[in-house]
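Step one of this worksheet: look at the structure below.
Sequential numbering from 1 along the given sequence is applied to the chain's residues. Just so you know, these numbers come straight off a predicted model, no measurement behind them.
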Amino acid sequence: MNGFRHLRFGLGLMIILAVFGTIGFMIFESMTFFDAFWLTIITVLTVGYGDTIPVTFAGKVFALLIIPISIGIVTYVIGSITALIIEGELSLAVRRRKMEKEIEKLSGHIIVCGLGRVGEQVMQYLQDKQIPAVFIDQNEEIITQLTFKKGNYVIGDATNDEILIKAGIKRASGLITTLPRDAENVFITLSAKELNPSLTIVTRAEKNESKDKLIKAGADKVITPHSISGKQMVLSILKPKSVDYVDMMLQVGKQEYGFEEIYLGSLSPIISKKIKEADIRKKYGITVIAVIKGDQFISNPSADVELETNDRLIVFGSSEQLQSFEQAVKDDSEG
């Protein structure tokens, strides 16, 4: 934002010159405040209407001093404004103000702290899925490039409570922190949980020994990218076809099939039915991978498992099938 600093500096100089010129003409020309101010402004802006001019020798000398200084300052200000327009900082400032208002209206969104290699992948997935999110990073150049015309962002240190509040932490549903330093992720987790106890937090850990600390700090899930990458490399040799299949499903922006977690509301049409009675696969073309009942996780559930209110289904299918099934459940449960 150097352009705005230059503009503020130039405008400050113009104000100082206007005050200085007004006082000078009041002294040398014995003018009233308004006449002196008027003469100063038309002199500074080099308009020179001719209705008010210096008549004393001292006033003319004073005007000769002000004119070249004012030309330099006005040129500097005009140059700053032109630079803002050419460099796009003016439009960026307008967009940022609009974005701040949009963030204030968000509720139930996800906050992502850090836009490094991992954070960028998280951002891409959220944007592809059109999930409301706010991104936080200290590097202004990186964050404006990655989120240009695509997402809401806050420039600053995510370990600062004010930055988290600015991103709408108290209204958010989840937070993902992907900073490379575990200490920073622990600090952010502690702060976020204090500001919003109901927040779901997923955090990155560089070291396995940091997992327990992050869980104690309030993280709901801890991911170690290096561990996952290592396992995938080994499996790519031992079971290459399986890895290729999973990659095909989960590759951002290109997947045809994937997993989804579906919440069952109290009025869902499949409540109080067994999986075989609900006939989910035949009606919607998706497969139930697991059923979550409170703290109980039923993997590969049998057809006799009964579905109850507040259950969560882990299902597999195409994007269209998953969306159709989720919409059907939501529509029925809402009314």
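In this structure, the side chain of Asp137 does not engage the main chain of Ile142 through any donor-acceptor pair within 3.5 Å. Distance alone, capped at 3.5 Å, is enough to place a donor-acceptor pair between the Thr40 side chain and the Thr22 backbone. Judged by distance alone, the side chain of Asn152 and the main-chain N or O of Glu102 form no donor-acceptor pair under 3.5 Å. A donor-acceptor pair is defined here as one N or O able to donate and one able to accept, closer than 3.5 Å; such a pair exists between the side chain of Thr178 and the backbone of Cys113. Glu29 contributes a side-chain N or O that, together with a main-chain N or O of Thr56, makes up a donor-acceptor pair within less than 3.5 Å. A side-chain donor-acceptor contact under 3.5 Å links His109 to the backbone of Ala167.
At a threshold of 4.5 Å between non-hydrogen side-chain atoms, the residues Leu307 and Lys273 do not count as touching. Residues Val305 and Val288 fail the side-chain proximity criterion, which asks for heavy atoms closer than 4.5 Å. Residues Leu164 and Ile136 have side chains in contact (heavy-atom distance under 4.5 Å, counting atoms from C-beta outward). Contact check for Val118 versus Ile223: no side-chain heavy atoms found under the 4.5 Å cut-off. Side-chain contact between Tyr153 and Leu115 is absent, with no heavy-atom pair separated by less than 4.5 Å. Looking at Ile111 and Arg171, their side chains never come closer than 4.5 Å, going by heavy atoms from C-beta outward. Inter-residue side-chain proximity for Glu260 and Ile286 is flagged as unmet; no heavy-atom pair is nearer than 4.5 Å. Glu100 has its side chain within reach of Lys166: a pair of non-hydrogen atoms, C-beta onward, lies under 4.5 Å apart.
Note that OG1 of Thr200 is 10.0 Å distant from CG of Leu175, once rounded to the nearest 0.5 Å. Residue Ile262 holds its CD1 atom at 8.5 Å from CG of Leu264, rounded to the nearest 0.5 Å.
Both Ile169 and Met99 belong to a single network of hydrophobic side chains, linked directly or stepwise wherever heavy atoms of I, L, V, M, F, W or Y lie under 4.5 Å apart. Ile165 and Phe187 fall into different hydrophobic clusters, where Ile, Leu, Val, Met, Phe, Trp and Tyr are joined by side-chain heavy atoms under 4.5 Å apart, directly or via other members. Tracing side-chain contacts under 4.5 Å through hydrophobic residues (I, L, V, M, F, W, Y), one reaches Val74 starting from Ile66; they form part of the same cluster. Under the 4.5 Å side-chain heavy-atom criterion for grouping Ile, Leu, Val, Met, Phe, Trp and Tyr, Ile176 is not connected to Leu214 through any hydrophobic cluster.
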Check step by step if side chain to side chain contact (heavy atoms under 4.5 Å, CB included) holds for Ile201 and Lys193. CA-CA 8 Å; Ile201 300 177; Lys193 210 66 175 180; 3.8 Å; yes
What pairs of donor and acceptor atoms, side-chain ones from residues 295-304 against any protein atom, are under 3.5 angstrom apart with sequence neighbours left out?
from, atom 1, to, atom 2, distance (Å)
Ser302, OG, Asp304, N, 3.4
Asp304, OD1, Lys276, NZ, 2.8

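Scanning all heavy atoms of the two residues, the minimum distance from Ala133 to Leu126 falls at CB-CD1, 3.9 Å. Listed here is the closest heavy atom pair of Leu106 and Pro132: CD2-CB, 4.2 Å. Minimum heavy-atom separation, Pro180 to Glu206: O-CG, 3.0 Å. Considering every non-hydrogen atom in both Ile41 and Ala18, the closest pair reads CD1-CB, 4.4 Å. Of all heavy-atom pairs spanning Thr189 and Gly218, the tightest one is CG2-C, 3.7 Å. Smallest separation of non-hydrogen atoms from Gly156 and Ile163: CA-CD1, 4.0 Å.
For Thr177 and Asn185, the side-chain atoms include at least one donor-acceptor pair closer than 3.5 Å. Donor-acceptor pairing under 3.5 Å is lacking for the side chains of Tyr263 and Asp311.
Ring geometry for Phe62 against Phe25 counts as perpendicular: the plane angle is over 60°, on a 0 to 90° scale with 30° as the lower cut.
For Glu209, the CD atom is densely surrounded, since the number of other residues' heavy atoms within 6.0 Å is greater than 12.
Ile16 belongs to no multi-residue hydrophobic cluster, having no ILVMFWY side-chain contact under 4.5 Å with any other such residue.
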